[in-house]
Amino acid sequence: ETLNLCKKGMQKYPKDTAFLILAMRASVDTQNFTEALQYANSIMANNDIKKNSSIYSYYGLALAGNKQFDQALEQYNKALEVNKEDFKPYQYISEAYKQKGDEDKALEYSQQYMDKNPDAAPTDFMKLAEIYVNKAKKNTETKVQNIEKAISVYDKLAEKYPSLKAFAKLQGGNTAFQSELDDMAIPAYEEVIKELEAKQCDADEVGYLKQAYQYMGFIYNYDKQDFEKAKPYWEKLLQLDPENKYAKDAIEKGTKATAE
């Protein structure tokens, strides 16, 4: 809707460059990157438009959306030169390096962004953790260390946003579980369970609790081959989700095997 209004504005007032700038931003925000780059190129070619940090950043985002990451990095750095107080380009630089597959550089700039931003959002923590996970996938020798660092990012998320503690701990547990590091996942899931069993849960938290029960069941039942330790988690899961096929199947097979 905003983009359509900008287009109408450009048709009616072709000399008003404000509509062109707004159109570029709206195109980036709606991920219409091909159109965004067309607007951005027009802006950069117009000497009457003063280029500020925001314009350079959005030009970079338009370029990055078209997979032109090196050119995007040039624009993000120009944004930093124009306004050293604007720390958002650090995150954009990190994202560009991540897309290029350079996790070390992505980490460097993501950490700078986090250090400079006292109001980092939960998604910012998740982006930082994701970079460590990507590093872990690429190098088995340092997998454990990088997963530990990813989990520590989620721990910091829990500290900054106490209301999201269960969510953060669940993400840490899932990160370890998906990396086949069960012994690192267990304490995270245990914290989720302890946190949520002690309170009245909303719908999202019930979902977190179900996940924690299910993955603890998987870990003990199948990875550690210990049905007796897995059984309480399956039973608690069935209390929340009576038709859960994983829990029903595990209890049925485990009970049968025990009887034999």
Side-chain angles (χ1 to χ4, degrees), residues 120-140 142-260:
T123 52
D124 296 327
F125 287 88
M126 295 177 72
K127 287 177 181 178
L128 178 56
E130 184 183 356
I131 300 171
Y132 283 116
V133 172
N134 289 343
K135 279 179 67 71
K137 290 177 180 177
K138 284 187 174 182
N139 190 335
T140 55
T142 59
K143 181 175 83 168
V144 172
Q145 295 94 315
N146 281 308
I147 294 302
E148 285 176 339
K149 289 176 180 177
I151 292 173
S152 73
V153 173
Y154 285 119
D155 288 342
K156 290 175 183 176
L157 169 58
E159 291 172 11
K160 186 170 181 63
Y161 295 96
S163 64
L164 295 179
K165 180 179 178 181
F167 169 79
K169 294 296 181 180
L170 180 67
Q171 298 309 309
N174 289 350
T175 296
F177 179 73
Q178 290 162 7
S179 299
E180 300 180 339
L181 297 170
D182 293 345
D183 290 334
M184 291 172 62
I186 288 172
Y189 289 139
E190 287 177 338
E191 283 202 63
V192 175
I193 293 168
K194 181 180 178 181
E195 176 85 6
L196 296 182
E197 284 186 342
K199 61 176 289 189
Q200 185 71 34
C201 296
D202 60 28
D204 287 338
E205 290 169 333
V206 170
Y208 305 155
L209 193 53
K210 285 162 65 174
Q211 280 191 59
Y213 287 150
Q214 181 165 297
Y215 290 137
M216 287 290 273
F218 278 136
I219 289 171
Y220 282 116
N221 207 130
Y222 301 112
D223 296 342
K224 295 186 177 295
Q225 298 289 304
D226 190 338
F227 172 66
E228 290 305 316
K229 279 195 174 182
K231 187 178 179 182
Y233 297 108
W234 293 131
E235 291 174 339
K236 289 181 178 181
L237 177 56
L238 286 174
Q239 290 176 9
L240 297 177
D241 183 6
E243 297 304 315
N244 187 281
K245 62 179 181 179
Y246 299 111
K248 290 173 72 174
D249 183 61
I251 287 179
E252 181 182 343
K253 290 180 179 178
T255 302
K256 184 178 179 181
T258 301
E260 293 175 354

Inset, instruction - Measure the OH-CG distance between Tyr208 and Leu164 for me, rounded to the nearest 0.5 Å. - result: 7.0 Å
Inset, instruction - Going by the side chain to side chain contact (heavy atoms under 4.5 Å, CB included) test, name the single residue among Tyr220, Phe218, Tyr213 that passes it with Trp234. - result: Phe218
Inset, instruction - Say whether, by atom type as modelled, one donor and one acceptor occur between the side chain of Gln178 and the main chain of Thr175 under 3.5 angstrom. - result: no
Legend entry - Heavy-atom pair of closest approach, residues Ala129 and Ala150: O-CB, 3.7 Å
Inset, instruction - Quick one: pull up CG in Leu128 and OH in Tyr154 and give me the separation to the nearest 0.5 Å. - result: 9.5 Å
Legend entry - Side-chain (Asp249) to main-chain (Lys245) donor-acceptor, under 3.5 angstrom: no
Legend entry - Nearest-0.5 Å distance that lies between atom CD in Gln214 and atom CD in Gln211: 8.0 Å
Legend entry - Whether Lys143 side chain and Ser179 backbone form a donor-acceptor pair below 3.5 Å: yes
Inset, instruction - Supply the atom-to-atom distance Asp223 CG to Asp182 CG, rounded to the nearest 0.5 angstrom. - result: 4.0 Å
Legend entry - Heavy-atom pair with the smallest gap, counting every atom of Gly217 and Ala230: O-CB, 3.7 Å
Inset, instruction - Using the side-chain contact (heavy atoms from CB on, under 4.5 Å) rule, take Tyr161 and Phe125 through it: C-alpha gap first, then chi angles, then the decisive distance, then the call. - result: CA-CA 11 Å; Tyr161 295 96; Phe125 287 88; 4.2 Å; yes
Inset, instruction - Assess whether side-chain contact (heavy atoms from CB on, under 4.5 Å) is satisfied between Glu191 and Lys165, documenting all intermediate values. - result: CA-CA 9 Å; Glu191 283 202 63; Lys165 180 179 178 181; 3.8 Å; yes
Legend entry - Close side-chain approach of Asp241 to Lys248, heavy-atom, < 4.5 Å: no
Inset, instruction - Please name the pair of heavy atoms, one in Gly173 and one in Ala185, separated by the smallest distance, quoted to 0.1 Å. - result: O-CB, 3.5 Å
Inset, instruction - Only one of Asp183, Asp226, Ile186 passes side chain to side chain contact (heavy atoms under 4.5 Å, CB included) with Ile219; say which it is. - result: Ile186
Inset, instruction - Return the minimal non-hydrogen interatomic distance between Ala212 and Leu170, and the atom names on each side. - result: N-CD1, 4.2 Å
Inset, instruction - Report the distance from atom CD of Glu190 to atom NZ of Lys169, rounding to the nearest 0.5 Å. - result: 12.0 Å
Inset, instruction - Give the intermediate values and the outcome of side-chain contact (heavy atoms from CB on, under 4.5 Å) for residues Tyr189 and Phe177. - result: CA-CA 10 Å; Tyr189 289 139; Phe177 179 73; 3.5 Å; yes
Legend entry - Closest heavy-atom pair and its distance - Ala176, Ile151: CB-CD1, 4.0 Å
Legend entry - Where Leu209 and Ile193 come nearest, the two heavy atoms and their spacing: CD1-CA, 3.9 Å
Legend entry - Any Glu148 side-chain heavy atom under 4.5 Å of Leu181 side chain: no
Inset, instruction - Check for a donor-acceptor pair, side chain of Glu205 on one end and backbone N or O of Asp202 on the other, with a separation under 3.5 Å. - result: yes
Legend entry - 4.5 Å side-chain heavy-atom contact, Glu228 and Thr258: yes
Legend entry - Interatomic distance, Thr123 atom OG1 to Glu130 atom CD [nearest 0.5 angstrom]: 11.5 Å
Legend entry - Ile251 vs Leu238, side-chain contact (heavy atoms from CB on, under 4.5 Å): CA-CA, chis, key distance, verdict: CA-CA 10 Å; Ile251 287 179; Leu238 286 174; 3.6 Å; yes
